[in-house]
Visitor: 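Pasting a structure below so you can have a look.
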Amino acid sequence: MKKMDNKNFIRRIIEEDLSNQKHEKIATRFPPEPNGLMHLGHARAIVMNYILSKDYGGTFNLRFDDTNPIKEDVMYVEGIKRDIAWLGCYWDNLYYASDYFQEMYERAMLLVKKGLAYVCDLSAEEIKDYRGDLKTPGKNSPYKDRSIEENIKLFKGMKNGLYQDGEKVLRAKIDMASPNINMRDPIIYRIQRAYHHNTKDAWCIYPMYDFAHPLEDAIEGITHSLCSLEFEDHRPLYDWFVKHCEMENAPRQIEFGKLKIANEISGKRFIRKLVDDGVVDGWDDPRLITLSGLRRRGVPPLAIHDFIKALGLPKSEGETEMHMLDEFIRHRLKIESRRIHAVIDPIKVIVTNYPDDQRETLTALNNKENEALGERALTFSNELYIEREDFLETKPNKKWKRLSLGLEVRLMHAYFIKANEVEYDENNQVKTIYATYDSETKSGSGFNARKPNGNIHFVDAKNAKPTEFRLYESLVDPDYDSDIDEEAINKNSKIIKRGFIEGNITPEERESFQFTRQGYFTLDQDSNAQTLVFNRTVALRSSFKSKR
RNA sequence: UGGGCUAUAGCCAAGAGGUUAAGGCAUCGGACUUUGACUCCGACAUCGAAGGUUCGAAUCCUUCUAGCCCAGCCA
């Protein structure tokens with residue numbers, strides 16, 4: 001796969017700003033609200049803000065937008081930091097919106113003193129009524145004309161806890177008839193007595209996003225403030241606050257399309273329900289596209305970077321197929337992982353002409369495309385396991401390049417074996433294959449007198465590690481074509497198989513392997529001394545089905 | 001039907017009046033192969049529609065059509 005890194009309109013803007021000397025260096029930020037964990041969709045914003053700052057020699061801040069204490073929790077602060085660090089997007093500065101509460105209050109007071117903000121006593125419901133709707137203009141609040149002095153006193157009172165929650169709000173004085181509803185005297189501060197994870201009980205008023213966000217950006221000297229499309233009609237307000245609050249730096253808000261993945265669940269509320277109902281095994285379930293889920297599944301962070309870069313930063317909103325990420329994952333794992341044998345669904349093979357008390361050790365390269373990964377010892381005896389799907393009693397067609405009765409295949413890194421007889425179990429399933437091997441055909445010997453009917457992998461049954469394989473399929477039924485809801489959940493999205501890997505392999509923590517001919521798998525934290533547990537990260541591509 | 005956006009192949013996405021309309025994923029051929037993998041070669045679009053401007057339009061104009069977002073004291 002060739003590399004690609006799409007140019008995008010934001011790069012163009014940045015390059016212009018740099019060449020015009022509008023900015024000497026740029027500053028970006030990722031501003032999550034700590035009310036849930038990050039998923040692949042957020043990765044676009046995280047990676048792009050990070051990459052852009054690095055590519056143009058600027059800075060990248062991580063800033064928690066913690067302006068609503070009733071929804072937020074330190075637990076998410078820690079989780080988000082961990083996930084972003086895992087992605088390798090190291091921040092130059094870590095800030096919290098709450099660091100700026102005092103300055104925000106002062107700037108809001110400035111607005112009051114300039115006659116650009118007022119305290120409104122309308123109830124939440126009345127404010128909604130006065131706001132009008134999409135087609136009808138709003139009406140002015142009866143409190144809009146209070147004197148500046150009164151507003152100063154009232155706003156101070158709000159801050160000092162003189163009023164009940166919800167009793168008053170501070171509003172910007174803009175235009176109740178604006179076709180842009182965001183400009184209809186938006187609320188700047190609300191009264192909310194809630195314990196804040198950072199500021200504790202210092203404040204009983206909290207700023208609203210539309211007011212807080214531009215100030216946060218301006219205070220940090222952010223030059224390019226990227227956000228998603230739904231904030232496009234908030235931009236006039238963003239600019240209004242920067243201007244009227246007399247901020248020194250005027251950041252530019254630029255909107256891009258959110259990254260949506262087809263057939264995946266990303267709503268925080270939905271994920272939480274799946275976690276609570278036990279449909280998935282926590283926020284880090286490998287079937288989820290949360291960053292923690294992807295990590296547990298074994299996705300290399302750089303594959304996510306590759307994916308994000310390939311997608312670019314468009315203004316259109318489509319749904320990207322998961323296949324695309326899969327390909328970037330394989331590409332990253334291909335070189336960096338050891339390639340070993342694992343039999344996921346075993347059938348026993350008895351090699352009748354190999355002495356029962358004999359065992360030999362063969363050597364195999366761990367990755368022929370990356371010899372730095374060294375080699376390993378692989379054992380061979382008269383009892384082996386091969387993959388159930390690698391055997392059919394009679395060759396079904398000329399394309400069949402696996403084992404059948406009377407045919408010879410090469411066991412990779414070992415010998416040719418020929419299947420002679422099968423034994424069935426009570427369910428009429430093949431239980432044991434009796435085969436003979438040919439000592440002339442040892443791998444590496446240069447034997448080429450006969451061509452085998454294919455090459456398959458195996459594990460020495462006398463030296464095999466019991467392993468649980470967790471094979472994941474889409475959590476969402478691919479055939480479900482209406483909007484994703486609970487009906488769409490694929491109940492068989494997690495398939496557990498029990499088999500073996502080579503006995504001489506000792507995986508490292510979270511090591512990713514290529515199990516030859518099958519796919520990439522990563523050691524799961526549920527592994528223990530008796531049984532290894534592997535998550536399938538992604539299967540190898542296969543043209544087998546389409547050729548059959 | 002108020003305002004703000006979007007529309008290029010099955011899926012993403014470059015493209016800024018003159019290019020054979022990049023590239024990736026997927027698909028389909030073929031070569032190679034001790035992974036039916038990898039790799040390599042090859043195939044695969046007239047740009048939402050209709051008009052217009054121009055010697056020349058995916059790019060400019062007009063009118064349509066379709067989809068998304070906005071009426072939280074959420075972000």
Side-chain angles (χ1 to χ4, degrees), chain A residues 1-9 12 31-33 35 65 67-68 70-72 120 122-124 127-129 131-138 165-171 178-184 186-192 205-206 208-210 212-213 227-236 255 257 259 262 306-307 310-328 330-331 334-335 339 341 364 368-369 399-402 409-414 443-444 452 454-457 514-519 539-548:
Chain A
M1 181 173 51
K2 288 173 190 157
K3 281 279 159 142
M4 67 184 275
D5 189 357
N6 267 332
K7 200 83 172 168
N8 58 63
F9 76 103
R12 191 167 296 122
E33 182 186 16
N35 68 344
D65 210 353
T67 57
N68 186 6
I70 62 176
K71 285 191 172 181
E72 297 153 7
C120 181
L122 254 24
S123 70
I127 286 179
K128 180 177 159 63
D129 289 342
R131 186 153 36 221
D133 62 29
L134 296 179
K135 289 178 206 167
T136 57
D165 287 14
E167 193 179 332
K168 292 182 191 320
V169 290
L170 183 72
R171 296 229 251 168
S178 171
N180 180 348
I181 295 180
N182 297 300
M183 301 299 273
R184 321 243 256 231
I187 292 169
I188 298 177
Y189 267 95
R190 76 281 210 183
I191 302 171
Q192 202 166 76
I205 57 172
Y206 291 95
M208 297 290 289
Y209 168 85
D210 281 312
H213 207 86
C227 65
S228 48
L229 251 26
E230 71 263 33
F231 293 102
E232 226 156 3
D233 22 282
H234 293 243
R235 193 184 337 127
E255 310 83 12
L259 168 57
D306 294 339
F307 176 64
L311 294 174
L313 216 40
K315 244 186 121 149
S316 54
E317 267 186 315
E319 284 199 327
T320 302
E321 294 173 340
M322 204 57 178
H323 295 294
M324 195 162 159
L325 209 214
D326 289 343
E327 195 52 26
F328 285 104
R330 292 187 193 102
H331 191 250
K334 164 176 84 166
I335 298 301
R339 301 174 180 180
H341 294 177
K368 68 182 176 192
E369 293 181 70
K399 298 281 191 186
W400 180 254
K401 296 210 277 183
R402 303 180 182 191
V409 292
R410 181 189 344 254
L411 295 179
M412 295 173 70
H413 298 119
S443 284
N455 301 293
I456 65 172
H457 58 90
Q514 181 194 107
F515 291 159
T516 304
R517 303 205 307 131
Q518 312 201 79
L540 243 30
R541 293 211 307 177
S542 170
S543 56
F544 181 44
K545 271 181 200 145
S546 56
K547 281 202 170 173
R548 191 148 59 160

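These values consider heavy atoms only, across backbone and side chains, with no hydrogens, waters or symmetry-generated copies. Residue numbers begin at 1 in each chain, while the letters A, B, ... track the order of the sequences.
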Visitor: Suppose we screen for side chain to side chain donor-acceptor pair (under 3.5 Å). Which residues come up paired with A:D326, at least two apart in sequence or across chains?
Guide: none

Visitor: Find every protein N or O atom lying less than 3.5 Å from an N or O atom of nucleotides 43-46 of chain B, and list the pairs.
Guide:
none

Visitor: Dump every N/O contact between nucleotides 73-75 of chain B and the protein below 3.5 Å, one line per pair.
Guide:
from, atom 1, to, atom 2, distance (Å)
B:rC73, OP1, A:R131, NH2, 3.3
B:rC73, OP2, A:R131, NH1, 3.1
B:rC73, N3, A:G166, O, 3.4
B:rC73, N4, A:L122, O, 3.1
B:rC73, N4, A:A124, N, 3.2
B:rC73, N4, A:G166, O, 3.1
B:rC74, OP2, A:R190, NE, 3.1
B:rC74, OP2, A:R190, NH2, 2.9
B:rC74, O3', A:R190, NH2, 3.3
B:rC74, O2', A:N68, ND2, 3.1
B:rA75, OP1, A:T67, OG1, 2.7
B:rA75, OP1, A:R190, NH1, 3.4
B:rA75, OP1, A:R190, NH2, 3.1
B:rA75, OP2, A:Y209, N, 2.9
B:rA75, O3', A:D65, OD2, 2.8

Visitor: Polar atoms only, N or O, under 3.5 Å: list the protein pairs with nucleotides 5-8 of chain B and their distances.
Guide:
from, atom 1, to, atom 2, distance (Å)
B:rC5, O2', A:E232, OE1, 3.4

Visitor: Separation of A:M322 atom CE from B:rC25 atom C1', in whole Å?
Guide: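 After rounding, the reported distance stands at 13 Å.
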
Visitor: For A:A310 versus A:M324, what's the shortest heavy-atom pair and its separation?
Guide: CB-CE, 4.3 Å

Visitor: Sequence neighbours excluded, which residues qualify as side chain to side chain donor-acceptor pair (under 3.5 Å) partners of A:D65?
Guide: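 Applying side chain to side chain donor-acceptor pair (under 3.5 Å) to A:D65 gives A:H213.
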
Visitor: Tell me, do A:R131 and A:I181 make a side-chain contact under 4.5 Å, heavy atoms counted?
Guide: yes

Visitor: Would you say the side chain of A:R402 and the base of B:rG36 hold a donor-acceptor pair, judged only by whether the two atoms sit under 3.5 Å apart?
Guide: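 Indeed there is one.
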
Visitor: Mind checking what makes side chain to side chain donor-acceptor pair (under 3.5 Å) contact with A:Q518, not counting sequence neighbours?
Guide: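 So A:Q518 forms a side chain to side chain donor-acceptor pair (under 3.5 Å) with A:E387.
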
Visitor: What's the CZ-P distance between A:R517 and B:rA37, to the nearest Å?
Guide: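 That distance rounds to 11 Å.
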
Visitor: Can you measure A:H457 atom NE2 to B:rU33 atom C1' for me and round it to whole angstrom units?
Guide: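 These atoms are roughly 17 Å apart.
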
Visitor: Can you tell me whether the side chain of A:Q514 and the base of B:rU35 have a donor-acceptor pair closer than 3.5 Å?
Guide: yes

